[in-house]
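Heads up: the structure comes next, in structure tokens.
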Number of protein chains: 2
Amino acid sequence: MGNQLIKPILAIATVVGLSVIGTIVYMLGYGDGSSGRKAAVMNDAVAETVAAAQSADPLPSWNDGEVKLAITRFVTNVTTDGSPDFVPSAQRIATFDNDGTLWSEQPVVQLEYVAYQIKKMSPQHPEWSSKDPYKAVLEGDKDYLVNDYLNNHGKGLHELVLATHSGMTAQEFDEMVLVFFNTAQHPKFNQKYKQTAYQPMLELLEYLRNNAFKTYLSSGGGIDFMRVIAMDTYGIVPENVIGSFATNSFEQVDGEWKIVKGTKNIFMHDGVTKPVGINLHIGRIPIFVAGNVRSGGDIGQLTYSQSNELPNFQLLINHDDDEREFAYAEQDSASLDAAESGGWHVVSMKNDWQRIFSFEEPEQAE
Amino acid sequence: MGNQLIKPILAIATVVGLSVIGTIVYMLGYGDGSSGRKAAVMNDAVAETVAAAQSADPLPSWNDGEVKLAITRFVTNVTTDGSPDFVPSAQRIATFDNDGTLWSEQPVVQLEYVAYQIKKMSPQHPEWSSKDPYKAVLEGDKDYLVNDYLNNHGKGLHELVLATHSGMTAQEFDEMVLVFFNTAQHPKFNQKYKQTAYQPMLELLEYLRNNAFKTYLSSGGGIDFMRVIAMDTYGIVPENVIGSFATNSFEQVDGEWKIVKGTKNIFMHDGVTKPVGINLHIGRIPIFVAGNVRSGGDIGQLTYSQSNELPNFQLLINHDDDEREFAYAEQDSASLDAAESGGWHVVSMKNDWQRIFSFEEPEQAE
């Protein structure tokens, strides 16, 4: 499991330069894109203007430009009956990578969960304080995992993931993950992790669903981990979450039949296996796929959507805004090269997104 | 899809015993509310009769009795806002076994496909005529596979399944399966296999969907095999098909990226692993599960639905009609025993189903 997962993770870990930023405006209405803005409105006249602009503009957090125009043009074409590009609603399948595409991936949230949970479990495991990889996590030694990856095939991380993701019932796992999401905060933004979802992408998900698309997560993250927050954060139902998984079991636990999280036959949903996972879960090729630049992990599913005989659309997010989020590139530039040759639409977070997070101070209306 | 939709409609209309006008009226209004009916209605009396028949009986091929009453009562309770048993529509998940639950399993259709395909492929494999297990299939030696199963862990069958289910692209596989379904016939009924779907179960699927249930196949059959016919036969979309699978790959074939059917990490969706497959694909516990008596293969998913904190329903089909279909029991009676202790609802095909197949000569109205 480790290698494919760990590579991008460590790439990130080394790229991240965490700086603590002070002023955060927390706004209510996160997730639906509208009530937060409304709360900030000062008078009725402004409210009316905002409402009008919203109905006219399904993507208010996107700056006008080539990418936004391409998205709305595509959606209009595939949903207009009689259009040569019309696609019946049953076939309007859209898949979205999660880390770096729908929310911030610096740090990778699920790895933060691993560290959080190891610390939480440590009182029951006194031996961990003197035993790597646990010791390294408990002491906050980030170099350990980098060296583990470089010199030991990431076996340490693999062990940590298993310790925190298997051996409990699915229900117990969900409850533990929920505690994490209700308490832990992003180190740069001082917000709970669910708040680091990108406002423009939340609008895009909603826009597609309003046009009868089925929206799916299709991410390297653990399927059970993401399902805990997919509905609240993205409006994505559990059955539309696709991710990495191990084969679980159905067993009697204390006399009751339960799903128990397992360790065998691990399927890593990443890179060239994303089309395989999508095929397994959906059985159709998506017509809309969104991924991001970092590890090349989304080239597979973006390529897959281009093999669709139906009209299709590829969106690739480029992290180039060090001020509002992070700026980082891909060593071999494979994703951007693929975008160039495939005619994919590349989002510049800096230029294409008017606002990135719902907690940002709204810009003044002109 | 047309045939599959219209046939049940006609079957229903005939069974209900409507006049010609009534039949047309009934068809127009089928499944989509009332506007079609209103437009075609000749007089109020007919309209009232039709409306009464429709609202009174969503399951016309089911005989009145305990099982039918239990089904309609359950559906009414979970869909009535304010009822203590109300279940929000997003959580109305229903899973159905396929072989022996939704269509006839004597013979098992996918195994018929294996034999059909081996024969079709044999001219390209002259060595098969002298090499088991191929030789046995080509010569119609049914004892071979039984002995292979009893004495050789079914390795021969495994080899045959791999020969016919892997090594080609997913698209090629779909096309081959479709040829089979468009040509092969059931040996007893002399009908194409899709026609051996049980009329009462088609009505049940439709009834549940009309009440905002999501209906899933959850069967030991191959996921890709069932997807080829799930929509046409059952109105079940590909993304709602759960079954056995191997890990496929995404590869360049003749310069184009394709899903290629693989042989590794085979997941058998059967018995105690059905809850695991359901959890993997849906991430929720179903509230309605239907299976059948034969191998105990559905005890797992029926038990799983009972672990749901929401109101839940279990249906177990017993094959006791040798005249219209087949009569067979389970050696250890495990399924019926589980039904007894779990309070599951057991369908007697002989007594609970007024008609089994859409191709049956309709009974005369009294």
Region of [X] in contact with chain B, defined by heavy-atom distances below 4.5 Å:
{"X": "A/K274", "answer": "neither"}
{"X": "A/L280", "answer": "both"}
{"X": "A/D174", "answer": "neither"}
{"X": "A/Q171", "answer": "side chain"}

Check your understanding: Is atom CD of B/Q252 surrounded by more than 12 heavy atoms (other residues, nucleotides or ligands) closer than 6.0 Å?
Key ->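 Counting other residues, nucleotides and ligands, CD of B/Q252 exceeds 12 neighbours.
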Exercise for review: Inspect the surroundings of CD in B/E340 and state if more than 12 heavy atoms from other residues, nucleotides or ligands are less than 6.0 Å away.
Suggested key: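 At most 12 heavy atoms, drawn from other residues, nucleotides or ligands, come within 6.0 Å of this atom.
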Point to revise | Closest contact, heavy atoms only, A/I93 versus B/E239 | key: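 For A/I93 and B/E239, the tightest heavy-atom pair comes out as CD1-OE2, 4.2 Å.
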Beyond-backbone contact of [X] with [Y], side-chain heavy atoms, under 4.5 angstrom:
{"X": "B/F250", "Y": "A/Y304", "value": "yes"}
{"X": "A/F245", "Y": "B/N279", "value": "no"}
{"X": "B/V237", "Y": "A/R284", "value": "yes"}
{"X": "A/P238", "Y": "B/I282", "value": "no"}
{"X": "A/F267", "Y": "B/N265", "value": "no"}

Practice item. Under 4.5 Å, counting heavy-atom pairs only, tell me which of B/N248, B/V272, B/I259 racks up the most with chain A. Key: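 With the most close heavy-atom pairs to chain A, the winner is B/I259.
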Point to revise | Top of B/Q306, B/H281, B/K258 for chain A proximity - count of heavy-atom pairs under 4.5 angstrom | key: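 Of the options given, most contacts go to B/H281.
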**Study point:** Contacting moiety of B/T273, where chain A heavy atoms sit under 4.5 Å
**Key:**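 It is neither, since no heavy atom gets under 4.5 Å.
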Check your understanding: Rounded to the nearest 0.5 Å, how far does CD1 of A/I299 lie from CH2 of B/W257?
Key ->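 Output value for this atom pair is 9.5 Å.
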Exercise for review: Flag the one option from A/G262, A/P275, A/A170 with the top tally of heavy-atom pairs under 4.5 Å to chain B.
Suggested key: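 Top count of heavy-atom pairs under 4.5 Å with chain B: A/P275.
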